Amino acid sequence: MRLLHLSDIHFREPDCLSARGDRDVPYRTRLEADLAELCHEDQTPVDVILVGGDIAFKGHPDEYKAAKTWLLRIAEICGCKVEGILTVPGNHDVDRAICEEVDVSNAQEAIAKEVGLANRDWQLSRQLRHGPSAEALFKPLSAYNDFAAQFGCSVFPELPSWEKDLKLDGGVTLRVSGLTSVLISGLGGRDNAPGKLFLGTNQIVLNPQEGVLHLVLSHHPPSWFSDAAEAENVINARAKLQFFGHEHDQRCLRPPEFFRFLAGAVNPDRQEPRWNPGYNLVDLQVDGVGLERAVQVHARLRHFQQAPNELFVPLLTQDREEVWKLRLKVPQLPTFGAGPAAKKAPPQAETAVATAAHTAMEAVAREVPPSPPTEADVTEPSTDNLVFRFWQLSGSQMRDIALELGLITKADLKVPPHQRYHSALKLAREKGLLVELAKEIEKREKCA
């Protein structure tokens with residue numbers, strides 16, 4: 001599996017509305033060319049695009065229109081499906097004018113003023129359970145949420161972070177968790193220095209499971225939270241792959257237990273002393289079997305060279321290698337009840353057992369004819385693809401489809417659209433209505 005990590009794109013209106021008026025266009029063009037060359041070189045497309053926040057500059061709807069156009073272009077260039085685009089918000093995705101509203105500032109301040117991490121965590125949970133306060137906390141992210149909803153990445157009180165499972169080889173699951181690091185961003189100077197924002201324990205449960213490799217995507221690194229020590233310890237213990245942005249200082253950490261990527265900005269501020277656009281391209285490959293399974297991580301960190309030629313070049317390791325490598329063990333939970341005599345088999349024996357089991361299963365498969373495919377196997381479309389297509393319809397078309405299929409009631413029309421239709425699409429899957437939903441979407445698309 002190949003991952004593309006982009007962060008801090010900072011589309012700024014009105015400049016971003018015209019290629020002639022946006023002076024960052026040439027650097028994004030250079031990035032596109034470099035990415036296309038790398039993917040063409042080894043004939044490997046990108047499976048997932050991780051967008052680490054600060055997509056916009058001031059959370060303006062027009063900035064997200066430009067962002068959508070560019071991200072779809074990037075996806076086309078690197079061969080990534082639209083449903084592979086995953087996003088989280090950054091502090092520049094917060095509309096600061098909305099933060100000044102009394103209900104928003106009160107909700108944020110109630111959390112920020114608590115003394116002690118346990119009290120602050122309790123207050124955050126309390127605010128998220130209280131309807132008006134919860135709505136106020138997410139109100140500054142309204143434009144971001146309208147953008148993120150089409151990629152299945154909107155956030156709201158019942159779902160302040162999202163989770164997505166991706167299948168790797170060898171029965172390994174890559175579980176991607178998108179964190180919202182900006183719930184109290186935009187006021188009180190909390191964006192100006194580390195240690196002032198707040199994440200909370202509910203976003204980093206990251207339940208350890210056998211065969212599940214956790215990946216965390218967040219705009220802010222843990223040091224920016226007042227609960228930094230707790231966040232750092234939990235994330236390091238449970239998430240073997242970590243992707244952060246915000247600091248515009250491209251680097252990575254490779255202790256044996258995890259691989260942490262700190263992104264360079266796609267479009268850094270020109271006033272920064274180290275103005276240096278960058279992005280990361282990361283390949284994951286499972287090797288070994290049973291208890292010896294591991295994920296080989298090969299990463300290429302690319303940054304911009306201004307002179308003598310404008311191009312993206314490798315950020316080298318200390319050993320002057322272009323590819324940053326690490327082998328991460330696939331999580332295995334301890335087994336109990338085997339007795340003191342039970343011993344771990346040597347790798348050769350474990351491999352032999354796994355091979356024998358695989359051979360036996362193949363023999364059974366040859367004797368038992370496969371079941372004929374059901375209609376759902378043949379016709380049920382990808383939920384992720386439907387999410388994107390659904391959000392390209394007009395507001396009235398989305399409303400009519402959801403009402404006709406019984407996915408919402410008229411009372412639900414009072415709920416913000418991204419929250420309303422997230423629940424509706426989830427219900428469509430639970431009720432087995434994806435085929436009907438696809439037909440209704442296709443009907444509207446033909447009328448467009």
Side-chain angles (χ1 to χ4, degrees), residues 1 4 45-51 55 61-62 64-87 142-156 158-159 162-167 176 178 370-448:
M1 176 176 287
L4 170 62
V46 168
D47 298 289
V48 180
I49 300 175
L50 301 171
V51 186
I55 298 157
D62 286 344
Y64 293 109
K65 290 178 184 175
K68 175 185 172 182
T69 299
W70 188 67
L71 286 173
L72 292 181
R73 176 174 169 77
I74 283 287
E76 183 179 4
I77 286 170
C78 66
C80 182
K81 295 178 180 177
V82 171
E83 54 264 35
I85 299 173
L86 303 175
T87 74
S142 295
Y144 165 80
N145 269 325
D146 288 342
F147 161 81
Q150 63 196 318
F151 305 115
C153 298
S154 58
V155 288
F156 42 89
E158 293 82 5
L159 200 72
W162 51 259
E163 197 175 84
K164 187 179 180 81
D165 282 356
L166 306 170
K167 297 301 179 186
V176 185
S371 302
T374 65
E375 182 185 359
D377 293 330
V378 176
T379 61
E380 187 167 290
S382 157
T383 312
D384 292 323
N385 182 262
L386 286 182
V387 169
F388 182 78
R389 289 170 59 198
F390 181 79
W391 277 97
Q392 307 318 302
L393 303 176
S394 68
S396 61
Q397 288 174 324
M398 291 191 291
R399 178 200 63 209
D400 291 347
I401 290 175
L403 286 170
E404 286 172 22
L405 295 180
L407 303 176
I408 62 170
T409 65
K410 289 188 176 179
D412 293 323
L413 297 176
K414 297 176 183 177
V415 177
H418 61 271
Q419 188 172 344
R420 178 198 318 153
Y421 295 124
H422 173 90
S423 300
L425 292 166
K426 181 181 177 184
L427 185 60
R429 184 175 192 117
E430 291 171 355
K431 294 175 69 173
L433 293 174
L434 294 185
V435 174
E436 288 81 356
L437 177 61
K439 288 176 181 175
E440 293 299 327
I441 293 174
E442 189 173 355
K443 211 186 295 180
R444 270 74 173 184
E445 288 172 337
K446 285 180 179 177
C447 294

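When reading the values below, keep in mind they use all heavy atoms of this one structure, side chains included, and skip hydrogens, waters and symmetry mates. All figures in this text were calculated on a predicted structure; none of them were measured in a lab.
- Here the rule is side-chain contact (heavy atoms from CB on, under 4.5 Å) with F390, and of E440, Q150, M398 only M398 fits it.
- Side chain of Y421 to backbone of R399: a donor-acceptor contact under 3.5 angstrom is found.
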Open item on the list: Applying salt bridge (Lys or Arg N to Asp or Glu O under 4.0 Å) to E76 and R73, what does each step give before you reach the verdict?
Closed with: CA-CA 5 Å; E76 183 179 4; R73 176 174 169 77; 6.0 Å; no
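- Residues C80 and G84 come closest through the heavy atom pair SG-CA, 4.0 Å.
- Note that NZ of K431 is 6.0 Å distant from CG of L407, once rounded to the nearest 0.5 Å.
- Counting only N and O atoms by type, the side chains of Q392 and E445 include no donor and acceptor under 3.5 Å apart.
- Proximity of S423 to V415: side-chain heavy atoms (C-beta onward) are nowhere separated by under 4.5 Å.
- For the pair A148 and T87, the tightest heavy-atom approach, listed with the atom from each and the gap, is CB-OG1, 3.7 Å.
- Among all heavy-atom pairs drawn from V176 and L166, the shortest one is CG2-CD1, 3.8 Å.
- Minimum interatomic distance between I55 and Y144 (heavy atoms only, all atoms of both residues): CD1-CE1, 3.8 Å.
- Residue L437 holds its CG atom at 8.5 Å from CZ of R389, rounded to the nearest 0.5 Å.
- Going from atom NE2 of H422 over to atom OG of S154 covers 6.5 Å, rounded to the nearest 0.5 Å.
- Side-chain atoms of R420 never come within 3.5 Å of backbone atoms of I408 as a donor-acceptor pair (strictly under, hydrogens ignored).
- Every pair passing ring-ring contact (aromatic ring centres under 6.0 Å, His included) that includes a residue from residues 64-83 is listed here, sequence neighbours excluded: Y64-F147.
- Using a 4.0 Å cut-off between charged nitrogen and carboxylate oxygen, R444 and E404 count as a salt-bridge pair.
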- [ ] Go through the steps to decide whether I441 and L393 satisfy the test side-chain contact (heavy atoms from CB on, under 4.5 Å), and finish with yes or no.
- [x] CA-CA 8 Å; I441 293 174; L393 303 176; 4.3 Å; yes
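- Shown here for V155 and W162, the closest heavy-atom pair between the two residues is CG1-CD1, 4.3 Å.
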Open item on the list: Test side-chain contact (heavy atoms from CB on, under 4.5 Å) on W391 and L425; report intermediate values, then the result.
Closed with: CA-CA 11 Å; W391 277 97; L425 292 166; 4.2 Å; yes
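- Using a cut-off of 4.0 Å between Lys/Arg side-chain N and Asp/Glu carboxylate O, K439 and E436 are scored as not salt-bridged.
- Between the CG atom in L433 and the CG atom in L427 there is a gap of 7.5 Å [rounded to 0.5 Å].
- The aromatic rings of F156 and H418 are tilted relative to each other, their planes meeting at an angle between 30° and 60°.
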- [ ] Test side-chain contact (heavy atoms from CB on, under 4.5 Å) on V46 and V48 and set out the steps.
- [x] CA-CA 6 Å; V46 168; V48 180; 5.6 Å; no
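- Between L71 and V51 the shortest side-chain heavy-atom distance falls below 4.5 Å.
- One side chain, D412 or T409, offers a donor N or O that lies under 3.5 Å from an acceptor on the other.
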Open item on the list: Between I74 and L4, is the side-chain contact (heavy atoms from CB on, under 4.5 Å) condition met? List the steps.
Closed with: CA-CA 10 Å; I74 283 287; L4 170 62; 3.7 Å; yes
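- In this structure, OG in S394 is found 8.0 Å from CG in D400, a value given to the nearest 0.5 Å.
- A75 and I85 make their closest contact through CB-CD1, 4.3 Å (heavy atoms, listed as atom of the first residue, atom of the second, distance).
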